[in-house]
Protein chains: 2
Amino acid sequence: MDDRQQRIMQITRSMRELNQSFYHATRKDAEACGITQIQYLVLRALKQHPMIGLGELSDLIYTGASTASGVIDRLVQAGLVVRDRLEEDRRAVALKLSPEGEELLNRVGERMMKRLSPLLQLSEEDVGQLLRIQGQMVNLLQQAREEP
Amino acid sequence: MDDRQQRIMQITRSMRELNQSFYHATRKDAEACGITQIQYLVLRALKQHPMIGLGELSDLIYTGASTASGVIDRLVQAGLVVRDRLEEDRRAVALKLSPEGEELLNRVGERMMKRLSPLLQLSEEDVGQLLRIQGQMVNLLQQAREEP
DNA sequence: ATCAAATAATTCGCACACGAAGTATGTTAC
DNA sequence: GTAACATACTTCGTGTGCGAATTATTTGAT
């Protein structure tokens with residue numbers, strides 16, 4: 001058991017370290033433009049999928065609806081996102097970027113890409129392997145989630 | 001530029017998805033024992049490194065000292081961790097598990113390992129690749145962090 | 001010896017992030 | 001048509017998680 005434990009701990013440790021590296025690498029770029037990283041993710045999602053609802057958005061960014069609701073609140077407050085009620089279903093909302101949001105997304109996106117561009121030094125093969133293995137892990141964990 | 005952007009976005013997306021999968025897979029196991037995941041990480045770190053200070057702890061779990069301070073506060077409150085002031089340096093603290101903390105760590109650890117054991121289906125080679133590539137990414141991002 | 005700089009924790013204010021509970025609206029069964 | 005259910009979102013309470021500012025103590029320079 002102990003060798004197996006060791007392997008799992010190594011993986012979780014590596015994941016955590018990498019995640020923190022991502023976070024700290026890009027944090028300042030977002031902050032310099034007055035938003036947070038998750039807000040950047042949301043802006044990007046809304047650019048690619050205009051007029052979506054909150055449920056679809058939270059699927060896209062892998063969070064719960066309540067989290068997305070709060071993020072959207074702050075983005076609307078900041079004038080970067082427009083939140084409309086639908087006529088055909090008055091429970092639902094339709095989210096889209098405001099012109100200011102679109103403009104800011106471009107600015108932040110450029111900085112983010114510049115910051116993360118060193119990752120392009122990874123060989124194409126390594127990227128493929130990474131995506132394949134990570135995808136497999138997601139599947140394995142999804143199974144594991146069901147059990148009592 | 002656009003193909004490069006695409007590659008970076010794929011990577012960040014995969015990372016985020018996997019991280020969320022981890023989170024949701026293990027969340028309930030920790031919660032069932034009355035702690036959170038970061039609290040579990042801290043307990044594990046203190047088991048392996050008894051009598052460390054807050055700075056060393058925050059290095060081990062890849063967070064800032066202020067975050068670690070809050071987590072420790074709640075663990076002390078719950079009676080799982082003992083926080084002593086050092087005689088030789090009265091600024092510093094020495095952290096260690098209480099007997100209750102040790103006992104709970106064993107219980108949570110067992111559940112966590114059982115939950116994550118499907119990850120052992122990954123081939124040894126894939127695990128090696130994963131750790132190698134992720135390590136490389138950490139290095140690349142560390143470089144990227146310095147720039148203006 | 002003394003005062004400035006460094007170090008170790010803590011506190012503060014903000015923004016996630018979660019599930020649970022609540023509200024409003026729509027759908028379905030009868 | 002109305003009552004039960006389902007859906008879309010919001011609100012709530014708690015716990016991260018961060019950097020900046022603060023406090024307490026130690027070290028170092030003169």
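Order of the sequence lines sets the chain letters (A, B, ...), proteins ahead of strands, with each chain counted from 1. What you see below is based on every heavy atom in this structure, not just the backbone, and it leaves out hydrogens, waters and symmetry mates.
Going from atom CZ of A/Arg90 over to atom P of C/dT27 covers 14 Å, rounded to whole Å. Protein atom CG of A/Asn19 is 11 Å distant from nucleotide atom P of D/dC18, rounded to whole Å. Atom CG in A/Leu57 sits roughly 14 Å away from atom C1' in C/dA17 (whole-Å rounding). Taking atom CD1 of residue B/Ile61 and atom C1' of nucleotide D/dC18, one finds them 13 Å apart after rounding to whole Å.
For residues 74-84 of chain B, the set of pairs meeting the side-chain hydrogen bond (donor to acceptor under 3.5 Å, both in side chains) definition, not counting sequence neighbours, comprises B/Asp73-B/Arg83.
Inter-residue side-chain proximity for A/Arg4 and A/Met9 is flagged as unmet; no heavy-atom pair is nearer than 4.5 Å.
Considering only residues two or more places apart in sequence or on other chains, A/Glu56 meets the salt bridge (charged side-chain N to carboxylate O under 4.0 Å, His left out) condition with none of them. Residues satisfying the salt bridge (charged side-chain N to carboxylate O under 4.0 Å, His left out) criterion with B/Asp59, sequence neighbours excluded, are absent altogether. Take B/Arg107 and apply the salt bridge (charged side-chain N to carboxylate O under 4.0 Å, His left out) test, not counting sequence neighbours, and it matches B/Glu103.
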Show me, pair by pair, the donor-acceptor contacts under 3.5 angstrom made by side chains of residues 39-47 of chain A, not counting sequence neighbours?
| from | atom 1 | to | atom 2 | distance (Å) |
| --- | --- | --- | --- | --- |
| A/Gln39 | OE1 | A/Thr36 | N | 3.2 |
| A/Lys47 | NZ | A/Glu102 | OE2 | 3.1 |

Subject >> Protein-to-nucleotide contact annotation, 5' to 3' order, nucleotides 8-17 of chain D [B base; S sugar-phosphate only; - none; under 4.0 Å, heavy atom] >> reply: SSBB---SBB

